There are 4 protein chains.
Amino acid sequence: MIVVMKTDATMVEISSVVKTLESMGYKPHPTRGAERTIIGVVDARQGADFSPLETAPGVEQVIPITKAYKLVSREFRPENTVVNVNGVAVGGDRFVVMAGPCAVENRDQVLTAARAVRDSGASILRGGAFKPRTSPYSFQGLGEEGLRILLAAKRETGLPVVTEVISPDLVPRVSEYADILQIGARNMQNYALLEAVGKIRKPVLLKRGMMSTVEELLMAAEYILSNGNQQVILCERGIRTFENATRNTLDISAVPVIKRNSHLPIIVDPSHAAGHTEFVIPLALAAVAAGADGLIVEVHPDPKTAWCDGVQSLSLDMFADMMDQVRSVAEAMGRSLHTVARTAP
Amino acid sequence: MIVVMKTDATMVEISSVVKTLESMGYKPHPTRGAERTIIGVVDARQGADFSPLETAPGVEQVIPITKAYKLVSREFRPENTVVNVNGVAVGGDRFVVMAGPCAVENRDQVLTAARAVRDSGASILRGGAFKPRTSPYSFQGLGEEGLRILLAAKRETGLPVVTEVISPDLVPRVSEYADILQIGARNMQNYALLEAVGKIRKPVLLKRGMMSTVEELLMAAEYILSNGNQQVILCERGIRTFENATRNTLDISAVPVIKRNSHLPIIVDPSHAAGHTEFVIPLALAAVAAGADGLIVEVHPDPKTAWCDGVQSLSLDMFADMMDQVRSVAEAMGRSLHTVARTAP
Amino acid sequence: MIVVMKTDATMVEISSVVKTLESMGYKPHPTRGAERTIIGVVDARQGADFSPLETAPGVEQVIPITKAYKLVSREFRPENTVVNVNGVAVGGDRFVVMAGPCAVENRDQVLTAARAVRDSGASILRGGAFKPRTSPYSFQGLGEEGLRILLAAKRETGLPVVTEVISPDLVPRVSEYADILQIGARNMQNYALLEAVGKIRKPVLLKRGMMSTVEELLMAAEYILSNGNQQVILCERGIRTFENATRNTLDISAVPVIKRNSHLPIIVDPSHAAGHTEFVIPLALAAVAAGADGLIVEVHPDPKTAWCDGVQSLSLDMFADMMDQVRSVAEAMGRSLHTVARTAP
Amino acid sequence: MIVVMKTDATMVEISSVVKTLESMGYKPHPTRGAERTIIGVVDARQGADFSPLETAPGVEQVIPITKAYKLVSREFRPENTVVNVNGVAVGGDRFVVMAGPCAVENRDQVLTAARAVRDSGASILRGGAFKPRTSPYSFQGLGEEGLRILLAAKRETGLPVVTEVISPDLVPRVSEYADILQIGARNMQNYALLEAVGKIRKPVLLKRGMMSTVEELLMAAEYILSNGNQQVILCERGIRTFENATRNTLDISAVPVIKRNSHLPIIVDPSHAAGHTEFVIPLALAAVAAGADGLIVEVHPDPKTAWCDGVQSLSLDMFADMMDQVRSVAEAMGRSLHTVARTAP
């Protein structure tokens, strides 16, 4: 951390900053120039908060040189975290595909989708029972009935289930059914919810807010880890920009940026980024090539009748086609696909 | 609503869309051209959801011509809503200033701030007891102790109090103390929270998310109104852009845009937009001139010791100076300042 | 400037950076900590380029603490620059309004507009003769014929003229007719053009690119000043963001940010920012209140027949109405309006 | 094109719009509802300009349903354009890599880079002789001396050359030396320059502006094609967003979006998007997987001494490593790499 003093800072102001830093347990090093003085602290604790200094008299700027997050950082833990989801390892050598419908609509729809995506090579089933919607007049999900349908599909196909939780009081109930609890993009900074999933011992899929930086995503994950839950999978799903040819702009660079700065697994959601079926496959392949650990993809047995996100949901055939290409690019990248054996009849 | 069919759409596909629309109770009007057909529904119900049509065979695009929100729209209610906050009318002829510290730190700090801002012309006291923070290691607020301090300050100064609520289960408790419940920018799309404050009968201050459109802000307000609570005050507080000379970019245009499209009052938070004390006053004056109904401003008796947001908090003297200029621009705009009489000793 | 070394930087790498800085004529101050070393140069020349150090072995980050621009900075020249445009002082005590049509269409249109805006209180006439257009199929302006019409209007009304120049080879020709040469937003980083207007001795109106930071705007102005022309007026006209309720998002904060960092005058274009007539006046008033030195506004005698930007052009009556309000807010801000006396018949 | 009339539009206003459209040669189809009327024109000419209607009395909105560009659209020309660069086919089956230094510094640097990138599999040499720089105090390029060095490297290695042209008057001179003329991101909407390169018969590499939409990029290309030059290669190089972990945000979706809407080849510049060496390779691989036709990459024999962009330039070894991976992902995508045979000694 470096404090840059104003050009007209007085000796008293400089001493006062030095003393404040010493009282925090640091050894500050002032460097005096003809025009201004800077004061460096080279061994600041990771995550330390120096913002109060910004308003001290004579201070122009406080420049952090260590990161604001700690437990999620690769410096804290150099080796990759592998999250074990009922036998499916996310973040390891094998590439993991999660797939299924946007919303659980009925038993048939989910079972049909689940069998098909497993047979094409997916290893985790996705499906929404509680849906956060922009409009209060849109379908809000089947709720607990949806969770029961997901559990039935899991039992039949052997696929673990990921589903969204939208408020702290729902965490216990959703945990009974789900193998991974998803925090949606709009809730990435819902701290009460982050704390609630930090206190359970189930894997969490944390989606990047469409308005959040990678650093803020890592800080949100830090909330979960600092509450005791280390099993966090990050997800890039597109950010909001001025471009509107796609629903969001997939920030593909987030994959290598996160790989460098954190030990947590990172997967990509090409469906919400693309917003149109025809762009989902190229984005999925780009994610594999950029080094992501997996994908989460919207698939529907009959997209044109889907209750939500039909316009970006792959049909079962398109998904099978995507998986062929994903397999081939993953192999070019030196990775194989994680698959789940068909359960005995 | 207009459905634009693809250039190669078949007659069967066109008929199918027409029938779907008829089954929804509309009278669709197809127009056939040499190249393509469009199907118009000119009397769609406000808030109706046509998104399933986007995936019907042969459909290229569905273009809405009515707005997605209803209860908050000026078409639904042409006259301005005036929210009555314990005698302070927000959205009426008089300009309302809410002011106080970012976080409640102690009784002295709040009382000093409250007296000073009232004497300078503020009519509502702000202060945070539950603080949503980017880092789990930052100060999270005094909680209920903070609420008690705010209540004491209200009793002494006569100023109604606005304070943030950060999760649905806290709504009853915060309602006991606060005159206005604030929904912070990060929670603008926390639908469980919006529903919770929609079910009480207290004014709500809804801050715009830093990367939410004005339309999304109005949809979030629609959640509150559709749950029964009509007393909503909107707040523009800056959006996230590529520019980083200020903490956020104050979207001053949001004021006239909201005035045109909604009957709800709109105030401006220049402190979070600016991020630096020296830019707060020009932004506050711009808000008055753009037609806002009020301001919410961070003020601290001693900004350099503030536990949060000190760098953007006005001192008591700067606030007094700001109020002189606000009063003068408000008068040029034909408005007077809402003030609260000193309570008898 | 501060060089932050990597935690694993060697002594040889540290010495090498120190020597490089010494060879550049600086006195570097290394501070060694248990984990890492930082090297400060506190008296770097303004505008000095340290980017080559970023790639030196062992370097993690190079942090500038002085600004990249020099001649345009308030540190270089503390007092405000006042640009004299044929007797109209831009940047002084009086508020200056430039107004007129988007494009010069014919003599009648320009003369009608010019007389009307002068009578309402404008002191400079705007009008485009060379038009940069997104589509090659849109009207590209009348060219030199347009310049002649503007000159005729100037002679009749006494209003100096501002008009756009779109390529270096047109600079001499446009200079013969115009009192201010405008560099449009799309050309803000057209360095060949900036150099060309830097070599003449006429005032330049430099519009901020819709994709440019305030710092880049100041760097673009630095190109003009460093080529010898000190008479530059800056213009904020809205930036591109995710919000699309308005054509662009007026960055009203740019006004106080520029006032703090530069001595150059700053005006606001509310027409391009708003994109719709109904939002122009509130934005114009916000600009006055935020401390701008003037406005540039699109006005057309008959907006519905305008060849370009009709949807955002004020009618003569709306402009007169705007000027009444501008006068009143300017007075509340302690400024009067610059006006031009009617020329004798 | 659809005109949506206001709810209170009069019959006279509706007729007037209908007549205006008829006078433009169209058959307008009005649809009257209880609340409002819409007027459709289903066979509008591509590129037709209906903006004047936006200001006609009674009109609320004009909604285009055909695209603003024509010659560059896939509807106009369904098959892919293949640009022939002295025997290197860009946009065909084979993947093309352009590589070389940011700026030409001297003969040795360019020749070393050229030989190495050819030997690793690049087929076109890049290098800047005229450099557009944000600061007037940065190195502006060697100019014509730089062009001569590039020509020498071409003669020795057999690699065609791509280099930037920054103003219309330089087009003839740069054309004498270069095989592809590059229009840089900041000049994407420099229409005088687009027209100048539209009038020559050499391939043009058009880089997307960092805050331009894909549609604006295609409109800029339309300027070149409409002036007669059909040999345009598009380039995605990252856009400006709120995220600053990378220099720009690579909009990887632009690749499939452009492939769908245009017949022109699209390549990706991972260097400017990443801004840091360590992220260049993942972005390059993502581009291959997303379906791009090629890459343009900054490579320097000694990045730490580079006069510009050293921090994002690959060393010769890193480039060789990248090419191995590019080859392998390209093959997984069913494409081979375009290479240039070593010239005889």
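As the structure is a computational prediction, the values presented were derived from the model and not from experiment. By convention in this document, chain letters (A, B, ...) are assigned in the order of the sequence lines, proteins followed by strands, and residues within each chain are numbered from 1.
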- [ ] Go through C/Met211, C/His276, C/Lys259 and name the one with the most non-hydrogen pairs under 4.5 angstrom from chain B.
- [x] C/Met211

Task: Heavy-atom proximity to chain B below 4.5 Å, by part of C/Thr241 - done: side chain

Task: Residue C/Arg240 versus chain B: region with a heavy atom under 4.5 Å - done: backbone

Task: Given B/Glu216, B/Glu236, B/Glu215, the one that forms salt bridge (Lys or Arg N to Asp or Glu O under 4.0 Å) with B/Arg208 - done: B/Glu236

Task: Contacting moiety of C/Glu331, where chain B heavy atoms sit under 4.5 Å - done: neither

Open item on the list: Is any side-chain heavy atom of B/Pro265 closer than 4.5 Å to one of B/Asn80?
Closed with: no

Open item on the list: Which atoms of C/Thr246 are under 4.5 Å from chain B, going by heavy atoms: the side chain, the backbone, both sets, or neither?
Closed with: side chain

- [ ] Under 4.5 Å, counting heavy-atom pairs only, tell me which of C/Asn261, C/Ile281, C/Val257, C/Thr249 racks up the most with chain B.
- [x] C/Val257

Task: Within 6.0 Å of CG in C/Asp93, more than 12 heavy atoms from elsewhere - done: no

Open item on the list: Would you compute the distance between atom NZ of B/Lys207 and atom CZ of B/Arg186 and round it to the nearest 0.5 angstrom?
Closed with: 10.0 Å

Open item on the list: For C/Leu250, which atoms come within 4.5 Å of any heavy atom of chain B: side chain, backbone, both, or neither?
Closed with: both

Open item on the list: Could you walk me through whether C/His263 and C/Glu79 satisfy the side-chain contact (heavy atoms from CB on, under 4.5 Å) test, starting with their C-alpha distance in whole Å, then the side-chain angles of each, then the deciding distance to 0.1 Å, before giving a yes or no?
Closed with: CA-CA 6 Å; C/His263 52 83; C/Glu79 67 276 23; over 6 Å; no

TODO: Mark yes or no for whether B/Asn187, through its side chain, and B/Asn190, through its backbone, hold a donor-acceptor pair below 3.5 Å.
DONE: no

